[in-house]
Amino acid sequence: MNLFTILISTIFVNNYVFARFLGICPFFGVSTKMETATGMGIAVTFVITISSILTWAIDKYILTLLGVEYLQTIIFILVIASLVQFVELVIRKISPTLYSAMGVFLPLITTNCIVLGVAILNVKQGNSLLQTITTGVGASLGFFLALILLSGVREKLELADVPKALEGFPIAVIAAGLMSMAFLGFNGLV
Amino acid sequence: MKLTEIFKNGILKDNPVLVQLVGLCSVLAVTNTVLNAASMALAVIAVLVCSNVVVSLLRKVIPKKIRIPAFIVIIATFVTIVEMLMKAFAQPIYQSLGIFIPLIVVNCVILARAESFAYKNKVFISAMDGLAMGLGYGVAVILLAFIRETIGAGTLFAGTDFVINVFGKGYQPIAMFVGPSGAFIVLGILVAVFKNIIKKSEEKAIN
């Protein structure tokens, strides 16, 4: 697959949130306001891109060489957890503004399954380094897009007249379901 | 805390999926058939019980400052064991659950139980808490899968030897329910229904 196809496919056709169900928890957790959604989106993009490069290198040059691929899950989650800590420290030192924008969301990212999911999928599909980076960027942009879309809908929903039983979480999930149906329209694009 | 209370909390009052709303990624992904949902539930129960037991055993050894990484390593170990067992003995299910088996590691239910229960309680009671929470997860996913598979494919227990055509052979399945959008919508409705049932029963208890 060429890189452009991967990018379009991960952002729209196989959107990681709507078609693969990865990153659902933060997707609903931080999508109540557009502002927090943007912060989370930036932080996730940052972490996924770096972590997919790191895990790719670790898998190729350490795990496979030593023949211990079965340690993949443990090693990857540790790498991601420490990477998140590291990124937090660096950003706090370098750019306090950026830190205040995405600081609170960084610790949450460790348990965001989209990060681990992208890492594992990349290894499973045997992607090259460039393909890995493209998948990482595409996946996080897709997540960002989904988050922004849902937070826009949810901001409007606060003023809408929703049946009492569906208030809050249920109506947000149903909105996401309708959105996912809309994303089906991208099927066959690639 | 009494055992009945632990089970009541895990399955009804604090149901991880329908009340706490955590660990939803796997919930949405594996509920396209009842078989997938039940296998996933078994895997989650196994990991939850084992990790709760080990965390509880080690609760005096693990220093407070590094407890989260320690929990993650313990959980990841059990997830790897479950993954290897499935790969060896249940190849078709391993294939259809795919990436969601390793992703049990980041299922917030498990980490949350380690942190909020097993790290503070004795071994047996922690094991029971793991079992109760796992059952709560299981009930929710199987219920969801039951609805989605019946409407979306017209079958029940597809993939096993006991396939039932619920509406007979002439039924035109509504494929949307097996697909991603159906997952979201059915979950939303189920959460709303569950919330109301709990609310009603609480009102009854007060009166």
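So you know, we letter chains A, B, ... as the sequences are listed, proteins then strands, and number each from 1.
Across every non-hydrogen atom of A:Ile174 and B:Gly188, the tightest pair is CG1-CA, 4.2 Å. Counting all heavy atoms, side chain and backbone alike, B:Phe184 lies closest to A:Val173 at O-CG1, 2.9 Å. Looking at every heavy atom in both residues, A:Cys25 comes nearest to B:Gly23 through SG-N, 3.6 Å.
Atom CZ of B:Phe100 sits about 10.5 Å away from atom CD1 of A:Ile120, to the nearest 0.5 Å. Taking CG of A:Leu22 as the reference point, atom CG of B:Leu103 lies at 6.0 Å (rounded to 0.5 Å). Here the CD1 atom belonging to A:Ile80 is positioned 10.0 Å from the CD1 atom belonging to B:Ile72, to the nearest 0.5 angstrom. Note: A:Tyr16 OH to B:Cys25 SG = 13.5 Å, rounded to the nearest 0.5 Å. With rounding to the nearest 0.5 Å, the separation of OG in B:Ser181 from CZ in A:Phe18 is 10.5 Å. To the nearest 0.5 Å, the span separating CD1 on A:Ile75 from OG1 on B:Thr80 amounts to 9.5 Å.
Contacts of A:Phe169 with chain B are made by side-chain atoms alone, with heavy-atom separations under 4.5 Å and no backbone atom involved. For A:Ile74, the parts lying under 4.5 angstrom from a heavy atom of chain B are both the backbone and the side chain. For B:Leu111, the part sitting under 4.5 Å from any heavy atom of chain A is the side chain, from C-beta outward, and nothing else. Both the backbone and the side chain of A:Leu116 come within less than 4.5 Å of a heavy atom in chain B. Looking at A:Phe76, there are no atoms closer than 4.5 Å to chain B (heavy atoms on both sides), in backbone or side chain.
A 6.0 Å sphere centred on CD of B:Gln91 holds more than 12 heavy atoms belonging to other residues, nucleotides or ligands. The neighbour count for A:Lys124 NZ, taken as heavy atoms of other residues, nucleotides or ligands under 6.0 Å away, is above 12. The neighbour count for B:Phe146 CZ, taken as heavy atoms of other residues, nucleotides or ligands under 6.0 Å away, does not exceed 12. By the 6.0 Å contact criterion, OH on B:Tyr171 is enclosed, its count of non-hydrogen atoms from other residues, nucleotides or ligands being greater than 12.
If you tally non-hydrogen atom pairs under 4.5 Å between each of B:Ile185, B:Leu28, B:Val191 and chain A, the highest count goes to B:Leu28. Taking B:Ile68, B:Leu187, B:Val22, B:Val105 one by one and counting their heavy-atom pairs under 4.5 Å with chain A, the maximum is reached by B:Val105. Contact count versus chain A (heavy atoms, under 4.5 Å) is highest, among B:Val186, B:Asn196, B:Ile99, for B:Ile99.
Formation of a donor-acceptor pair under 3.5 Å by the B:Lys195 side chain with backbone atoms of A:Glu167 is found in this model.
The shortest distance between side-chain heavy atoms of A:Asn112 and B:Val106 does not fall below 4.5 Å.
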